[in-house]
There are 2 protein chains.
Amino acid sequence: MNTSDKRQEILNAALELIAEQGFHGAPIASIADQAGVGTGTIYRYFETKDLLINTLFQELHDTIQARLMDGYDTDRPVRERFIRAHTALLRFFVAHPLQFRFHEQYLHSPYGVIFRRDHIFGQGGDEDLYRMLLEEGRTRQIVKDFPLVVLFALAFGPLLTVARDHILGFVNLDETLLVQTVQACWDGIKQ
Amino acid sequence: MNTSDKRQEILNAALELIAEQGFHGAPIASIADQAGVGTGTIYRYFETKDLLINTLFQELHDTIQARLMDGYDTDRPVRERFIRAHTALLRFFVAHPLQFRFHEQYLHSPYGVIFRRDHIFGQGGDEDLYRMLLEEGRTRQIVKDFPLVVLFALAFGPLLTVARDHILGFVNLDETLLVQTVQACWDGIKQ
DNA sequence: ATGTTCGGAGTGAACATTCACTCCCATTCT
DNA sequence: AGAATGGGAGTGAATGTTCACTCCGAACAT
């Protein structure tokens with residue numbers, strides 16, 4: 001097992017434990033067990049537990065952004081781009097329940113507030129697909145003339161809630177229902 | 001200070017600390033300080049910390065349900081009843097940020113999963129206004145023919161997200177925007 | 001005086017982090 | 001080639017801290 005294998009094992013272990021048990025259920029000792037390494041080893045790769053968790057989130061976030069950019073085409077209509085991105089996102093979460101659960105836990109923790117603040121008020125123009133998309137739609141009067149934050153809430157609120165309920169087994173999101181749900185998200189933001 | 005005062009002080013202290021700092025920021029010692037009682041006293045009123053937290057949530061939930069029932073009139077159209085209830089709910093959260101933040105923390109913790117499960121699969125017919133409302137709307141083909149859980153997600157997802165963003169100061173929900181947001185929630189679920 | 005309510009020092013468990021040590025393997029020496 | 005050495009990845013017992021919870025004497029009420 002080489003160096004990067006071990007790093008990855010630790011990240012996987014943390015992902016799995018936090019996703020399944022929450023932050024409370026993921027002490028360093030458990031992460032080390034799950035990863036098959038000693039507790040000390042974790043500190044060879046990550047300075048603190050916080051840094052491990054932040055790294056995990058950042059890498060997940062990058063993966064998702066990359067997924068969304070894949071096949072994104074600025075020439076298509078706003079509605080079509082939104083539906084495509086949102087469908088891809090919901091499919092990703094349904095296919096990766098551990099990633100989703102971790103993502104959710106993180107965003108609803110104090111870490112998440114900081115992340116959201118940076119994200120919303122950050123300079124970031126180009127890097128955020130949804131921001132560009134919604135701003136363009138609003139300018140063209142295709143989506144409602146609401147503040148960006150409210151549009152985000154209307155778009156992501158239902159998506160994340162439904163993904164969670166699917167993963168917890170409260171509803172079975174088959175392909176049909178998944179597409180219909182994304183359509184309903186659009187209904188919420190469209191003019 | 002009589003018995004019920006002290007109990008209430010403890011509940012208020014827990015509410016405030018958990019709302020502002022999260023569960024991590026609310027150890028028993030801090031709750032006792034904030035409430036102006038000794039740590040031992042807390043255990044005179046609540047068997048365990050879990051029970052204290054669950055009680056707090058239950059009482060908040062009951063308060064909210066009562067608010068929603070107030071002025072509820074089965075004779076009005078489904079759409080109007082939904083808009084009224086949802087507006088009242090969003091107003092309540094905007095006016096009671098501590099209650100909202102606590103509510104949110106609770107629902108996204110392991111406690112919340114249990115609550116949601118019971119709530120969704122519970123027998124409960126009469127006690128849940130939204131369930132009745134959405135089921136009636138679905139039957140009458142006024143709202144989309146989706147599983148109840150998905151309708152809940154479409155209705156509550158945006159509402160809770162927007163309330164959080166308002167409370168965190170990411171957006172200013174004035175009366176106009178508040179009403180428009182509720183309207184947009186309806187757009188998401190209506191047929 | 002007797003019973004009831006409070007309070008906060010005390011307790012053991014759980015936690016993140018550290019550090020003295022082991023072990024492996026690449027490099028150097030003979 | 002074979003032996004000796006060095007360095008650094010890996011380890012887990014030890015550490016100090018924080019926590020939920022207990023318990024018994026103090027304060028108060030009747």
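None of these values were measured; they are calculated from a predicted model. Quick note on labels: first sequence line is chain A, next is B, and so on, each numbered from 1.
Residue B:Ile28 is in sugar-phosphate contact alone, with no base atom involved, counting any heavy-atom pair closer than 4.0 Å across all strands shown.
In this entry the distance linking CZ of A:Phe46 with P of C:dA16 reads 15 Å, nearest Å. Straight-line distance from the CD1 atom of A:Ile42 to the C1' atom of D:dA13: 16 Å, rounded to whole Å. Distance A:Asp5 CG to D:dG10 C1': 15 Å, rounded to the nearest Å. Rounded to whole Å, atom P of C:dA16 lies 4 Å from atom NZ of A:Lys49. To the nearest angstrom, C1' of C:dA16 lies 11 Å from CD1 of A:Ile31. Atom CD1 of B:Ile53 and atom C1' of D:dC19 are 13 Å apart (whole Å). When the P atom of C:dT17 is taken as reference, atom CD1 of A:Ile10 falls 14 Å away, rounded to whole Å.
Checked against the 6.0 Å centroid criterion, the rings of B:His86 and B:Phe156 qualify as a close aromatic pair. Aromatic rings from A:Phe57 and A:Phe115 are positioned such that their centres are separated by under 6.0 Å. Here the two rings, on A:His103 and A:His96, have centers that are 6.0 Å apart or farther.
The list of ring-ring contact (aromatic ring centres under 6.0 Å, His included) pairs with a residue in residues 171-191 of chain B, not counting sequence neighbours, reads B:Phe82-B:Trp186. Residue pairs meeting the salt bridge (charged side-chain N to carboxylate O under 4.0 Å, His left out) criterion with at least one partner in residues 133-157 of chain A, sequence neighbours excluded, are A:Arg81-A:Glu136, A:Glu136-A:Arg140, A:Lys144-B:Asp187. Among pairs with a residue in residues 163-180 of chain B, those fulfilling salt bridge (charged side-chain N to carboxylate O under 4.0 Å, His left out) read A:Arg116-B:Asp165, B:Arg91-B:Glu175, B:Glu104-B:Arg164, at least two apart in sequence or across chains.
For the pair A:Tyr45 and D:dA9, the criterion of a side-chain N or O lying under 4.0 Å from OP1 or OP2 is not met.
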So which protein nitrogen or oxygen atoms get under 3.5 Å of nucleotides 22-30 of chain D's nitrogens or oxygens?
none

#### Entry: Intermediate values then yes/no, side-chain hydrogen bond (donor to acceptor under 3.5 Å, both in side chains), A:Asn54 and A:Gln58
CA-CA 6 Å; A:Asn54 283 316; A:Gln58 194 57 58; over 6 Å; no
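Listed by chain and residue number, nothing satisfies the ring pair (Phe, Tyr, Trp, His ring centres under 6.0 Å) test with A:Phe46 (two or more places apart in sequence, or in another chain).
Here the nucleotide nearest the side chain of B:Pro27, chosen from D:dC19, C:dC15, C:dT17, is D:dC19.
Grouping the Ile, Leu, Val, Met, Phe, Trp and Tyr side chains by contacts below 4.5 angstrom, directly or via other members, places A:Met69 with A:Tyr130.
Of all the residues in residues 15-24 of chain B, not one reaches under 4.0 Å from DNA chain D with any non-hydrogen atom.
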